[in-house]
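Step one of this worksheet: look at the structure below.
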There are 4 protein chains.
Amino acid sequence: MVKPATPPPKRRGRQRSVAAEAAILKATLELLGKKSLNDVTSEDIARKAGVSKATIYKWWPNKNLVALDAVGARLAIDLMVPDTGSAKKDFTRHLKDTIVFYKSPMGRQLCQFLAGGQNDPEFLDLFRKRFLKPRRDSLLVIWQRGVDRGEIRREFDGELVLDLIFGPMVYRLMAGHGPLDEQEAVAITEAVFCGIALPIDD
Amino acid sequence: MVKPATPPPKRRGRQRSVAAEAAILKATLELLGKKSLNDVTSEDIARKAGVSKATIYKWWPNKNLVALDAVGARLAIDLMVPDTGSAKKDFTRHLKDTIVFYKSPMGRQLCQFLAGGQNDPEFLDLFRKRFLKPRRDSLLVIWQRGVDRGEIRREFDGELVLDLIFGPMVYRLMAGHGPLDEQEAVAITEAVFCGIALPIDD
Amino acid sequence: MVKPATPPPKRRGRQRSVAAEAAILKATLELLGKKSLNDVTSEDIARKAGVSKATIYKWWPNKNLVALDAVGARLAIDLMVPDTGSAKKDFTRHLKDTIVFYKSPMGRQLCQFLAGGQNDPEFLDLFRKRFLKPRRDSLLVIWQRGVDRGEIRREFDGELVLDLIFGPMVYRLMAGHGPLDEQEAVAITEAVFCGIALPIDD
Amino acid sequence: MVKPATPPPKRRGRQRSVAAEAAILKATLELLGKKSLNDVTSEDIARKAGVSKATIYKWWPNKNLVALDAVGARLAIDLMVPDTGSAKKDFTRHLKDTIVFYKSPMGRQLCQFLAGGQNDPEFLDLFRKRFLKPRRDSLLVIWQRGVDRGEIRREFDGELVLDLIFGPMVYRLMAGHGPLDEQEAVAITEAVFCGIALPIDD
DNA sequence: CCGTAACCGAGACGGTACGTCACGTCTTCCA
DNA sequence: TGGAAGACGTGACGTACCGTCTCGGTTACGG
């Protein structure tokens, strides 16, 4: 799956089992709903998927990448970006949704992956490419629209804007040092858009 | 050390070896400069400190908490907060310094700890209490001064302000999806203070 | 090996490595020739056998039972019982051989096992079943022939006869309080067969 | 205790605590009634005796020798040898008593010591000198009387006679492969005195 | 009658082996 | 020839007991 690329052009012998792959991803996803990434063992996955451990390692170089695919495949679906006509509203809306999802047991994976990536640069890289990048690219659309409509100042890089908005969420998700709910989402976008400085209304 | 609490004024029996504790923390710190937290084994620490593994486990429930103490003890020193007369300048200054430190090999620990904490709530909790909290409390002073001087709007919670400023840094440190240097530090505080929205008026 | 029971006619998956098992037993045997049973560590065995410690513990519950199998497998070979036509000569002959063997560095295992068994009833039980019993059963043949030929009084239990002959040897082997050589072997069987009492010749 | 030898001619400083020593021996003895020798840890003894571990190691080189002293001190008392006028009766009587004692929970120490001695020649040596030798010397008296009275053939060494009688018991105590009771005691001495061979004459 | 040496309890220490766990690889047989 | 079963080597884990070593404090001799 990591390198699906070209669909197999027909090979001799038994063909790769699509069922096995699906079972592996499904099992991984379910397990990740219950345990943290590194409490899920490769044997857990194999057993639950009714699959051999060797089959897993045949197609993925390690456990983490299985999880990445499992979560990635799933989230590819629900990538939809609001378009209310206001960048601020769009960001607020998306931030709220994102927070709700990532706080759910099924959604802690973002943190798990970031955590896993700290000890595995290769994995972190893939995580960015296959997980983060697509989402961020979608969100950049909001930013671009905002800039185009004259809602957002041009001098700030789009990437930076995303980090200004989602960085605080990521921080709180990972460190858990403060509340994280719809109210915070509103406050964050409000602050990012309007700034925390008092107008120097001399 | 994890629970030093009240240092008992006089205890019977052989006193806990200060040398051993110091050696453990020192060794841990040095090892953390070279390897990631979970590549440092308890035996590494024991060997390098010239200490028995059992001694480590007598005082710390696991390796992570040793590392926490090691780093904590060290950083307790260099907690100093700028005071230029401008909250924005103070935050910018501190953000720059912090970025430099956390990007150094010796400073990756913040990420390691956040990563470790994802699989160990108890550890995460302690990390917040003993590592995060003191730093944040110090930084709140900057915010408070800003509010008092009329530089910062009262309606934003101080904790939120910290996350607005440091969240983006944490995010980039952990995910590595974008650059992180002095220039970014300036851009972040600029954006957080002034907002990314275009003034509507003209 | 500890519970080979019925060798399953065909099993799925990778078969248990005969080479590994043989290497383990061989290594154990060699180590036992040099050190006492409890100076031989499981890591010694693993290293010398080029095998993982986990593999050892997969098949044997502990080190002692490995040793038991190692020695047992070896001694299964040289179980041969003399048949000179005289029970007394047979016993004497066998006692001599046995003494020579058990006094050799490679043969101290009987004592090691008896020693180990004092702290582990389960091990002692297995030692009896897999080590002692077969040897004693073989030796009972000598006794039976003696009874059949009218050389030995019927009123003594065969088991008791074995203990009368081998008990003194075991005692001296373990306690080391007296010499133990061919001469003693002769004296023991002589005494056991003819008694130490003076005939009341009147 | 191990080397009391000459009572100290008066030393400066605090005197050795008789109470501590007694407590250690008492505690050891009680623990040996419940657990096997090497399940009794030095800390068990220290705790139960209300004594410091260092105090133990100050006077005894290791745990086993403490146990030896503990048991030795106790058994020094009940060394009494029957004198019925018949060596065979005397031996039978003593064998019965001995079996009863050694089969009791408190009396398993003989086996424990022999077991412990297999890995510690020095300990085994001391065990022989301080435990075995005195008992055997006492029992030799029975043998000597038997010889003097013309009950026992002169050509057998006294030491050998003891092993003929007590070897089977030791063997069964340690290996547990056969019953051991009064009946066996009678059978053993009967066999040893009269021999197991059928008289050839008729 | 005071100093000092030898003792004592408590308990921390370095060391060594234990048996367990998860990883990712390898081997065998079956479909 | 792909895949399930499952055994394998590796290497870290945290625990247990050993016998040693400080501590602070307690006798009791000898000056």
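Here is how names work: the chains are called A, B, and so on, in the same order as the sequence lines, proteins then strands, and each is numbered from 1.
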## Note on the structure
When rounded to whole Å, the CD1 to P distance for the pair I24(A) and dG24(E) reads 14 Å
### Ring-face cation of R16(B) near W60(B) (centre distance under 6.0 Å, axis angle within 45°)
yes
### Message
Rounding to an integer number of Å, can you tell me how far D39(B) CG sits from dC13(F) P?
### Response
10 Å
### Task
Let me know the distance between CG of L31(D) and P of dC17(F), rounded to the nearest Å.
13 Å
### Task
Whole angstrom is fine here: how far is it from NZ in K35(C) over to C1' in dA17(E)?
12 Å
### Task
Tell whether S52(B) reaches the base of dG15(E) with its side chain through a donor-acceptor pair below 3.5 angstrom.
yes
### Query
Please give, in whole Å, the distance from dT16(E) P to R47(B) CZ?
12 Å
### Query
Between S17(B) and N38(C), who's closer to the 5' end of DNA chain E by nearest nucleotide?
S17(B)
### Task
Compare side-chain N and O positions of W59(C) against OP1 and OP2 of dC8(F) and report whether any pair is under 4.0 Å apart.
yes
### Query
Where each residue is assigned the nucleotide of DNA chain F containing its nearest heavy atom, which of Y57(B) and V18(C) is assigned the position nearer the 5′ end?
V18(C)
### Task
Measure from CG on N64(A) to P on dG24(E) and round the result to the nearest Å.
8 Å
### Task
Could you state the atom-to-atom distance from CD of E43(D) to P of dC17(F) in whole Å?
8 Å
### Message
Given dC23(E), dG14(F), dC21(F), identify the nucleotide with an atom nearest to the side chain of K63(A).
### Response
dC23(E)
### Query
From dG11(E), dG19(F), dC8(F), pick the nucleotide closest to the side chain of N62(D)?
dG19(F)
### Query
V51(C) side chain: which of dC26(E), dG9(F), dA12(F) is closest?
dG9(F)
### Query
Do the non-hydrogen side-chain atoms of L29(A) and V71(A) ever get within less than 4.5 Å of each other?
yes
### Query
When you measure from the side chain of S42(B), which nucleotide among dC13(E), dC26(E), dC13(F) comes out closest?
dC13(F)
### Task
Indicate yes or no: at least one non-hydrogen side-chain atom of N119(A) is less than 4.5 angstrom from one of L37(B).
no
### Query
If you round to the nearest 0.5 Å, how far is NZ of K53(C) from OG1 of T55(C)?
11.5 Å
### Query
Of the nucleotides dG6(F), dC7(E), dC21(F), which has the atom closest to the K58(D) side chain?
dC7(E)
### Summary
Side-chain atoms of A54(D) come closest, of dC21(E), dA4(F), dC21(F), to dC21(F)
### Query
Quick one: N119(C) CG to dA16(F) C1', roughly how many Å, whole number?
16 Å
### Query
Given the rule in the salt bridge (charged side-chain N to carboxylate O under 4.0 Å, His left out) test, do K48(C) and D44(C) qualify, once you have shown the distances and angles that lead to the verdict?
CA-CA 6 Å; K48(C) 178 150 197 158; D44(C) 283 344; over 6 Å; no
### Message
Both A20(C) and D44(B) contact DNA chain F. Taking the nearest nucleotide for each, which residue is further toward the 5' end?
### Response
A20(C)
### Message
Distance criterion of 3.5 Å, no angle test: do you see the side chain of K53(C) paired donor-to-acceptor with the base of dG19(E)?
### Response
yes
